[in-house]
Amino acid sequence: MTTFVALGDSISLGVGDPAPAGGWRGWAAFLAQSLPGGRLVNLAATGARASDVERMQLPRALELRPDVASVVVGINDTLRADFDAARIQAALAHVTGSLSAAGAEVLTMRLPDPGLMLGLPAALARPLGRRLQVINEAMDQVAERFGTLHFDAAADRACYDRQMWSADRLHPSERGHRYLAGRFHDQLAARGHVLGPRPGAEPTSPPPTRLDTAAWMATKGTGWVLRRCTDLVPYLLYMAMRECWPGPGPRDQALPQLLPPEPAATDPGPAPEIGAPQIGTPQAGTPRIGAPQIGVPDTGHAP
């Protein structure tokens, strides 16, 4: 059995792709179906920031000893007044480094620009885009240091196709979630993992009608918009005004450079005990054998 643990925010939780039986499904569930004996434990949570992943999700993930783990987070960090580039980078490095040290194959992602998806005016999109670039640069450094499988969604033109996004334009649609799963499947295969079939690209659920979209806006969507109007919009306006009239006051911190990986120790240490390997610690050069046995994904949080 391959244990896949998803860490992050609502993108990894599956928001935007309603499951046929209720709740959310998403790209992590699609990818888990391609892993041999795939078991998904989804620890992602709506609204999570890098510090939340480090503090609340990482300890549980390490207990599960995953074979594969994903760390996709950062959008919520860009929308907060206490944005701290150095702290975000440190949290990402701690989470990714801990999972890698535990033997997991770690998946990471550069995030697409939400300003483009939301169609924000340039004055609002520019400061938000700069913050997202800081997040992506932090994840680039983390990915290089720990050798993650790193998908650049920011530079992938297909990720900006309107069909890839749900009604709120911040979460992938079913098609978008399937696309993310397929790209990570390709990277795992390129690294030599034995996998089942690539997740299908075409949605299996009917696309939402205008009535469905209106119903979503009248129920869940209205609350989401109201919350964003009271925290996101005022702060975007504040960032735009500060850009036009800099003046005194706190500024976003620059991103520090991560130290390169430490060289491998010359002393190999005591030889490992002979026997079956521990679950979650893949043996180098040993492919996983067998057809995928699709498990029922566990969900760490309700939508």
Side-chain angles (χ1 to χ4, degrees), residues 6-16 26-28 30-31 44 48-54 57 68-80 83-97 99-100 104-118 120 125-161 164-166 169-173 175-191 252-258:
L7 298 86
D9 54 28
S10 53
I11 292 177
S12 292
L13 184 61
V15 173
W27 72 267
F30 292 129
L31 181 60
R49 301 165 65 181
S51 59
D52 300 319
V53 173
E54 179 185 33
Q57 298 178 24
V68 179
S70 61
V71 182
V72 179
V73 68
I75 288 293
N76 296 300
D77 287 282
T78 66
L79 308 179
R80 298 297 183 266
F83 183 84
D84 185 330
R87 182 67 192 90
I88 293 167
Q89 183 186 60
L92 293 173
H94 181 212
V95 171
T96 305
L99 292 167
S100 296
E105 184 78 87
V106 182
L107 315 177
T108 53
M109 187 170 80
R110 301 184 88 245
L111 301 168
D113 189 340
L116 295 178
M117 293 310 307
L118 291 170
L120 295 175
R126 278 195 301 268
L128 184 60
R130 278 200 298 271
R131 283 192 169 188
L132 185 70
Q133 181 62 25
V134 169
I135 296 287
N136 283 339
E137 288 176 359
M139 188 55 80
D140 287 344
Q141 291 189 31
V142 168
E144 182 177 1
R145 178 176 183 182
F146 298 107
T148 71
L149 295 179
H150 195 42
F151 170 46
D152 187 359
D156 192 317
R157 293 179 64 87
C159 289
Y160 295 94
D161 188 320
M164 296 291 184
W165 296 89
S166 63
R169 298 197 180 192
L170 275 179
H171 299 98
S173 61
R175 184 182 295 276
H177 279 288
R178 287 182 174 276
Y179 185 76
L180 294 179
R183 294 307 302 267
F184 280 125
H185 180 281
D186 295 343
Q187 293 200 349
L188 285 165
R191 189 161 284 189
D252 290 344
Q253 297 180 8
L255 187 68
Q257 187 71 26
L258 277 182

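The first residue in the sequence is number 1, and the count goes up from there. Predicted model only: the values in this text are computed from it and were never measured.
- For S173, the side chain to side chain contact (heavy atoms under 4.5 Å, CB included) partners two or more places apart in sequence, or in a different chain, are R175.
- Of all the heavy atoms in F151 and L180, the pair that sits closest is CE2-CD2, 3.6 Å.
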Chi angles and distances behind the side-chain contact (heavy atoms from CB on, under 4.5 Å) call for S70, F184:
CA-CA 10 Å; S70 61; F184 280 125; 6.0 Å; no
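- Atoms CG and CD, on L111 and Q133 in that order, are 11.0 Å from each other to the nearest 0.5 Å.
- Not a single side-chain hydrogen bond (donor to acceptor under 3.5 Å, both in side chains) links N136 to another residue, sequence neighbours left out.
- Residues forming a side chain to side chain contact (heavy atoms under 4.5 Å, CB included) with D152 (at least two apart in sequence, or on another chain): R110, A154, A155.
- Distance check, rounded to the nearest 0.5 Å: OH of Y160 to CG of D113 gives 5.5 Å.
- Of all heavy-atom pairs spanning G8 and Q57, the tightest one is N-OE1, 2.8 Å.
- With respect to L149, the side chain to side chain contact (heavy atoms under 4.5 Å, CB included) criterion is satisfied by exactly one of D186, V68, L188: L188.
- Of the inter-residue distances, the one linking S12 atom OG with M109 atom CE reads 7.0 Å to the nearest 0.5 angstrom.
- For A91, the side chain to side chain contact (heavy atoms under 4.5 Å, CB included) criterion is met by A50, E54, R87, not counting sequence neighbours.
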Worked check of side-chain contact (heavy atoms from CB on, under 4.5 Å) between V73 and L92
CA-CA 9 Å; V73 68; L92 293 173; 3.6 Å; yes
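- Considering only residues two or more places apart in sequence or on other chains, T148 meets the side chain to side chain contact (heavy atoms under 4.5 Å, CB included) condition with T96, V106, T108, A143, F146, H150.
- In this structure R183 satisfies the salt bridge (charged side-chain N to carboxylate O under 4.0 Å, His left out) test together with D156, sequence neighbours excluded.
- Between L132 and P112, the shortest heavy-atom contact is CD2-O, 3.1 Å.
- A donor atom on one side chain and an acceptor atom on the other are not found under 3.5 Å apart for E137 and Q141.
- Smallest separation of non-hydrogen atoms from V134 and F83: CG1-CZ, 4.1 Å.
- The main-chain N or O of C159 is found under 3.5 Å from a side-chain atom of W165 such that the two form a donor-acceptor pair.
- Put simply, the side chain of L99 reaches to within 4.5 Å of the side chain of L7, judged on heavy atoms.
- Take R191 and apply the salt bridge (charged side-chain N to carboxylate O under 4.0 Å, His left out) test, not counting sequence neighbours, and it matches E105.
- The backbone N or O of V15 sits less than 3.5 Å from a side-chain atom of H177, completing a donor-acceptor pair.
- Looking only at side-chain heavy atoms (C-beta outward), V72 and L107 stay at 4.5 Å or farther from each other.
- Contact of the H185 side chain with the F30 side chain is not registered, since no non-hydrogen atoms from C-beta on lie closer than 4.5 Å.
- In this structure, D9 has no salt bridge (charged side-chain N to carboxylate O under 4.0 Å, His left out) partners at least two apart in sequence or on a different chain.
- In terms of modelled atom types and a separation under 3.5 Å, the side chain of D52 and the main chain of R49 share a donor-acceptor contact.
- Separating the CD1 atom in I75 from the OG atom in S10 is a distance of 9.0 Å, to the nearest 0.5 Å.
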